[in-house]
Amino acid sequence: MDLLKNEILPLVEQAAESMGLDAGLIARVLQPARELDQGDLSLPCFPFAKTLGMAPAAIAEQLAASIPAHPSLESINAVNGYLNFRASPAWLAQQLLEGRHRSTSNTRREVLIEHTSANPNGPFHVGRARNAILGDTLVRLHRLWGDTVTAEYYVDDMGKQVAVLAWALENMTTEEVETLLADREAANPQWSNKADHQRVRWYQAAQLRRKDDPSAEDIEKAIGTLVHASEHGDEAVLRSFENAYQPVLDGMLETLGRLGIHFDRFTKESLFVINGDVAKLMEELGGLEINGVAENGAQYLDLGQRGLKGKTEFFYRRGDGSSLYATRDIAYHRWKWTQCNELINVLGEDHKLQAQQVGLTLEELGERRPEVMFYSFIKLPEGKMSTRRGNVVFMDDLLEEAQAHAIEVLKERRPDLDNASMKTIAEAVGTSAVRFNIISVSPEKGFTFRWEDALSFEAGSAPFIMYSHTRACSIQSKVEALVGKEFLSDAVAAPASDAMPEGLIQLLRTLAVHDDRLEKVVREHRPNLFAEYMLHLATAYNSFYRDCYIIEDGEVNPFYYAVSELARATLRAGMEGLGVVSLTTM
RNA sequence: GGGCGUGUAGCACAGCUGGAUAAUGCACCGGCCUCCUAAGCCGGAGAUCGCGGGUUCGAAUCCUGCCACGCCCGCCA
């Protein structure tokens, strides 16, 4: 709780100094209390025992005795070698109502976040969507923190995958495709107007032919020619690629849009081939002292000399002189650095090695390496997700299912609603629950997708937070109806601490800690910790709601109402930060 | 074989820059709707923190060995 820490740090330092301790140590040791019922801040005195030759408990007690009373402090307690500080709820309330809990540390930056960047060859399944959901949440949380953010999608518009798609659309009929895929699950007719679901079948059929077709060799040659042309910037070929993938990409973006995920910019991989950046880059890399040349003229960097373990040769140029994916990625990164002063990539764990290679190479070129948020893959209870084996959950189907489930719940809970508003609420509840389910797990942890969890609307889910928020909204509209919008225009005074119910105090403490948490989350790229905070905040609001009647006997309690409004605003902003839809009624 | 990551109640998950009784949700047991939305609230039970060793006043947290799982180790993307 920085709010309190800033206030009392000088007092504690002074007391420490008077005992002969290094005051500089205090700021580091004084920390948020682990045991919340013990206080808000805690100073473990064990580290001082040796230098002072005293028992930790005695140090804590002596410190406690020498720290003067302060308006921000409710109490100071020495317990078991810990010195615990509890903020005065009345003081906290005053700080919060005056808006003094907002962090003033000046760390706002211009950030470019690249995420998703999935190959445009088929619909999102929940596995691929983990990137998009985590990435978009990172974008939103940085914005909530005050950073200026560009959300960017790097479009793989060249290379083999797109070439296969383009070739298939050019050379195969619908009948052919469906015959080849006869033993697979048919495309869901619900998505017959979405090109990502349609065209992926051409892609899949082509993949089959590349393996088993009698003319597989010719096909491979044809695709190889396309790939080669695209890598040399052949405009006609790149245009045909774009015609093939753009509708697919549009379909994918439609799905993401439903989850509240949007991009500020799309950058095509081919750009850096066409504008010559890649050629220039390869020339520059060739001049580095760690450059190596293979027998056929291919070139690599020996990154072992820069500390890379395992496979140390990093190839950036083929024998035929063309570039590789990673080479283009480096060119892309150099360009990205001209667009921002902070760079974050969201990548699957399968990209760890390449990210190392790109990072080390950038450093070799005198650039900074980007920050990376890695995430593990999502699997199903039945095992790895695989489109080929039909073991896959498409995002579009999941979102439909989530909405349908929400409608069922609503029919029971809110039979008064008309169909339209029911659908609006159900869509918000469904998409928010799906997002939150994924956000609330540490990115680097493996994730097993379960329908039961994704469709849970109880405590620990997005709807739980949404519900607390609607309670606050409901109170707001009732108060406004009762006493008008100008009710809070005058400063509201907080009552004495001992007149505050427990639920209120919990809420004040949770609100006070908001910016501490957000800063940590943004700095360390850990959206799940903010999801956890929002659950705490919603829980705290619920306790407050239980303990404090804002409207009683037709009278509005102005202080309670001010706190409720602050919580409402914080909930709403935080939900925005997670991409959870903030409804006013549900 | 090498590199990186993960392992915490029946299930899921937080805590990991060392500090107090390991947090939360689901499931389980009990209580609360003549009162601002019960998608809620209150209480209960449930944990050899993968296993062994080490460092420390103190280890889920740091070091080390082992085990299990995931990802990677293409002149693919």
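All chains are named by letter (A, B, ...) in the order of the sequence lines, taking the proteins before the strands, and each is independently numbered beginning at 1.
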S.K.: Does M586(A) reach a base, just sugar-phosphate, or nothing at all? Heavy atoms under 4.0 Å.
M.R.: base
S.K.: Does T584(A) reach a base, just sugar-phosphate, or nothing at all? Heavy atoms under 4.0 Å.
M.R.: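 The answer is base, as T584(A) lies within the cut-off (heavy atoms under 4.0 Å) of a base atom.
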S.K.: Considering every strand and a 4.0 Å limit on heavy-atom distances, what is the contact class for Q354(A): base, sugar-phosphate, or nothing?
M.R.: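 Base, at least one base atom sits under 4.0 Å.
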S.K.: For residues 530-540 of chain A, dump all side-chain donor-acceptor pairs below 3.5 Å to protein atoms at least two apart in sequence or in another chain.
M.R.:
| residue | atom | partner | partner atom | Å |
| --- | --- | --- | --- | --- |
| E532(A) | OE1 | R517(A) | NH1 | 3.3 |
| Y533(A) | OH | T510(A) | O | 2.8 |
| T539(A) | OG1 | L535(A) | O | 2.8 |

S.K.: Under the salt bridge (charged side-chain N to carboxylate O under 4.0 Å, His left out) definition, can you give me all pairs with a residue in residues 545-564 of chain A, not counting sequence neighbours?
M.R.: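 Counting only pairs at least two positions apart or across chains, no salt bridge (charged side-chain N to carboxylate O under 4.0 Å, His left out) contact touches residues 545-564 of chain A.
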S.K.: Only counting residues at least two apart or in another chain, list the ones meeting ring-ring contact (aromatic ring centres under 6.0 Å, His included) with H469(A).
M.R.: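 Partners of H469(A) under the ring-ring contact (aromatic ring centres under 6.0 Å, His included) test: none.
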S.K.: Where does rC33(B) land, syn or anti, given syn is within 90° of 0?
M.R.: syn
S.K.: Would you list the pairs meeting salt bridge (charged side-chain N to carboxylate O under 4.0 Å, His left out) in which at least one residue belongs to residues 461-481 of chain A, sequence neighbours left out?
M.R.: E480(A)-K485(A)
S.K.: Mind checking what makes ring-ring contact (aromatic ring centres under 6.0 Å, His included) contact with F272(A), not counting sequence neighbours?
M.R.: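 Partners of F272(A) by the ring-ring contact (aromatic ring centres under 6.0 Å, His included) criterion, ordered by chain and then number, come out as Y332(A), W335(A).
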S.K.: Sequence neighbours left out, what passes salt bridge (charged side-chain N to carboxylate O under 4.0 Å, His left out) with R317(A)? Give chain and number order.
M.R.: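 So R317(A) forms no salt bridge (charged side-chain N to carboxylate O under 4.0 Å, His left out) with any residue.
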S.K.: Look at the side chain of N542(A) against the base of rC41(B) and say whether a donor-acceptor pair falls under 3.5 Å; ignore hydrogens and angles.
M.R.: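 No pair found.
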S.K.: Can you list everything that forms a side chain to side chain donor-acceptor pair (under 3.5 Å) with S582(A)? Sequence neighbours excluded, please.
M.R.: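 Here no residue qualifies.
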S.K.: Which part of the nucleic acid, if any, lies within contact of A49(A), taking any heavy atom under 4.0 Å across all strands shown: a base, the sugar-phosphate backbone alone, or nothing?
M.R.: nothing
S.K.: May I ask you to verify whether the side chain of N84(A) and the base of rA20(B) hold a donor-acceptor pair under 3.5 Å?
M.R.: yes
S.K.: Keeping the roles fixed (side chain from R128(A), backbone from N119(A)), state whether a donor-acceptor pair exists under 3.5 Å.
M.R.: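 Answer holds: yes.
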S.K.: Could you give the distance separating rC73(B) and rC28(B) at their C1' atoms, to the nearest angstrom?
M.R.: 47 Å
S.K.: Reading nucleotides 27-35 of chain B 5' to 3', which nucleotides get B (base under 4.0 Å from a protein heavy atom), which S (sugar-phosphate only), which -?
M.R.: --------B
S.K.: Which residues, if any, of residues 315-322 of chain A bring a heavy atom under 4.0 Å of RNA chain B?
M.R.: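 Nucleic-acid contacts, sorted: F315(A), R318(A), G319(A).
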S.K.: Check nucleotides 54-58 of chain B for protein N or O atoms closer than 3.5 Å to its own N or O atoms and list the pairs.
M.R.:
| residue | atom | partner | partner atom | Å |
| --- | --- | --- | --- | --- |
| rC57(B) | OP1 | K50(A) | NZ | 3.4 |

S.K.: Any carboxylate oxygen within less than 4.0 angstrom of a Lys/Arg side-chain nitrogen, looking at K411(A) and E408(A)?
M.R.: no
S.K.: List the protein contact pattern of nucleotides 10-15 of chain B with one symbol per nucleotide (5' to 3'): B for base contact, S for sugar-phosphate-only contact, - for none; contact means a heavy-atom distance under 4.0 Å.
M.R.: --SSSS
S.K.: To check you understand the geometry: which heavy-atom pair defines the closest contact between M1(A) and P32(A), and what is its length?
M.R.: N-CG, 4.0 Å
S.K.: Applying side chain to side chain contact (heavy atoms under 4.5 Å, CB included) between V248(A) and each of L165(A), V162(A), N121(A), report the one that passes.
M.R.: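 Testing each of L165(A), V162(A), N121(A) against V248(A), the sole residue satisfying side chain to side chain contact (heavy atoms under 4.5 Å, CB included) is L165(A).
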S.K.: How do R28(A) and D156(A) order along RNA chain B: which one's closest nucleotide is nearer the 5' end?
M.R.: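 Mapping each residue to its closest nucleotide by heavy atoms, the 5'-most match is R28(A).
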S.K.: Where are the stems of RNA chain B, defined as at least 3 consecutive Watson-Crick or wobble G-U pairs with both distances under 3.5 Å?
M.R.: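 Ordered by first number, the stems with RNA chain B (at least 3 consecutive pairs each) read B:1-7 with B:67-73, B:10-12 with B:24-26, B:28-32 with B:40-44, B:50-54 with B:62-66.
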S.K.: Over all strands shown, is K384(A) touching base, sugar-phosphate only, or nothing at heavy-atom distances under 4.0 angstrom?
M.R.: sugar-phosphate
